[in-house]
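In what follows, every heavy atom counts, from backbone to side chain, and hydrogens, waters and symmetry copies are set aside. Letters go in sequence order (proteins before strands), and every chain restarts at 1. Computed from a predicted model, the values in this text were never measured in an experiment.
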Amino acid sequence: MTSVRVEPSSKVSTADVIVDWYAGAARNLPWRRPDVDAWAVLVSEVMLQQTPVARVEPVWRDWTVRWPTPADLAAATPAEVIRAWGKLGYPRRALRLREAAAAIVERHDGVVPRAVPELEALPGVGTYTARAVACFGYGSPQPVVDTNVRRVVARLVHGQAEAGNARTADLADIAALAPPEPERAVRFSVATMELGALVCVAGAPRCGVCPVRDRCAWRLAGSPAHTGPPRRVQKFTGTDRQVRGRLLDVLRAAAHPVPASELDATWADAVQRSRCLDSLLTDGLVEQTDDGLFRLPQ
DNA sequence: GAAACGTGGTA
DNA sequence: TTACCAAGTTT
């Protein structure tokens with residue numbers, strides 16, 4: 001009689017376990033549909049920088065319908081993209097995305113480049129985003145390291161409760177786990193991010209449902225608490241970021257240029273208010289008309 | 001390498 | 001209510 005050979009779990013590669021888990025656990029996010037092109041992927045990746053998926057989804061749908069190609073976005077005004085960005089936060093990303101679109105039109109014939117160095121040369125595109133676009137937009141087997149992946153590697157490989165700051169070695173760490181087949185390597189990249197986003201989360205990891213709990217260095221070490229300096233969380237209340245946000249909020253909502261007096265109500269401290277308005281002007285998020293009124297750049 | 005850069009949900 | 005955190009990049 002024949003017998004089924006069951007390999008010990010340790011013989012199954014960690015990458016295969018994570019990829020197989022992803023097949024059954026992946027969220028159905030719109031930018032993961034197979035017909036989504038590299039431009040729409042780039043838009044999603046920039047929007048997702050420091051902004052949760054739930055808030056990105058509706059805005060991404062609007063953008064990809066309104067500006068389906070880089071040339072379309074390059075032809076839009078800053079005011080249009082700033083308004084369409086809504087309240088995703090860090091609105092300089094919207095300007096940079098428009099600048100990236102213009103660079104794609106000028107330097108790449110309107111086609112999102114495939115090569116990581118060319119992607120990284122685009123405004124607002126750094127190490128993470130360049131690899132994410134190459135990998136998810138073009139199916140290139142790039143190692144992709146975001147905050148989720150760094151946390152998974154910190155625990156699974158290094159036995160640490162938390163990831164430290166981003167390091168150059170992060171790319172090598174995840175590349176060492178990646179499967180050799182290009183298509184599986186792409187799945188592995190998105191699957192590792194998903195594992196960090198859904199299971200190996202920052203606050204209270206759901207180790208009970210983790211597919212690699214039996215081989216996680218952190219778990220095997222008894223889930224030791226984080227040692228070392230606590231990560232400082234950035235303040236928001238009272239900062240220039242808050243003030244800038246309020247100023248821009250007024251200008252986004254205004255149908256016409258507004259006088260400075262209309263901005264006074266946003267923040268009591270006139271010195272800080274003025275500094276923030278200046279910085280918005282410098283950033284190209286606001287412009288002043290000839291008669292001294294303020295508006296989003298036309 | 002540290003600090004700046006928005007916003008809102010969750011515990 | 002305060003604190004943490006969310007697919008980073010730029011200076």
If only side-chain N and O atoms count, and only distance matters, is there a donor-acceptor pair under 3.5 Å linking A/R131 with A/S189?
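Side chains of A/S189 and A/R131: no pair found under 3.5 Å.
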Whole-Å gap separating [atom2] ([N]) and [atom1] ([X]):
X: A/R93; N: C/dA6; atom1: CZ; atom2: P; result: 15 Å
X: A/D283; N: C/dT9; atom1: CG; atom2: C1'; result: 13 Å
X: A/W31; N: C/dA7; atom1: CH2; atom2: P; result: 11 Å
X: A/R246; N: B/dC5; atom1: CZ; atom2: C1'; result: 17 Å

For A/E183, does the CD atom sit with more than 12 other heavy atoms under 6.0 Å from it, leaving out its own atoms?
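Atom CD in A/E183 is not packed in, count stays at 12 or less.
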Give a yes or no on whether the backbone of [Y] and the side-chain of [X] come within a donor-acceptor separation of less than 3.5 Å.
X: A/D72; Y: A/T69; result: yes
X: A/S274; Y: A/V271; result: no
X: A/W60; Y: A/A40; result: yes

Taking the nucleotide of DNA chain C with the nearest heavy atom to each, does A/V233 or A/G124 sit closer to the 5' end?
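Whichever sits nearer the 5' end wins; that is A/V233.
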5′-ward residue of the pair A/V125/A/K235 relative to DNA chain C
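The residue mapped nearer the 5' terminus is A/K235.
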Just checking [X]: base, sugar-phosphate only, or nothing, at a heavy-atom cut-off of under 4.0 Å?
X: A/R275; value: nothing
X: A/T239; value: nothing
X: A/S44; value: nothing

Tell me whether the side-chain N/O atoms of [X] come closer than 4.0 Å to OP1 or OP2 in [N].
X: A/R231; N: C/dC5; answer: yes
X: A/R92; N: C/dT10; answer: no
X: A/T129; N: C/dT9; answer: yes
X: A/Q50; N: C/dG8; answer: yes

A/N148 side chain: which of B/dC5, C/dA7, C/dT10 is closest?
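Within the option list, the nearest is C/dA7.
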Which nucleotide in the list C/dA7, B/dG6, C/dT9 gets nearest to the side chain of A/T127?
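Looking only at heavy atoms from C-beta outward on A/T127, the closest nucleotide is C/dT9.
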Taking atom P in both B/dG6 and C/dT11, what distance in whole Å separates the two?
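Each nucleotide's P atom is 14 Å from the other's.
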Taking atom C1' in both C/dA7 and B/dA2, compute the distance separating them and give it to the nearest angstrom.
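Comparing C1' positions in C/dA7 and B/dA2 gives a spacing of 23 Å.
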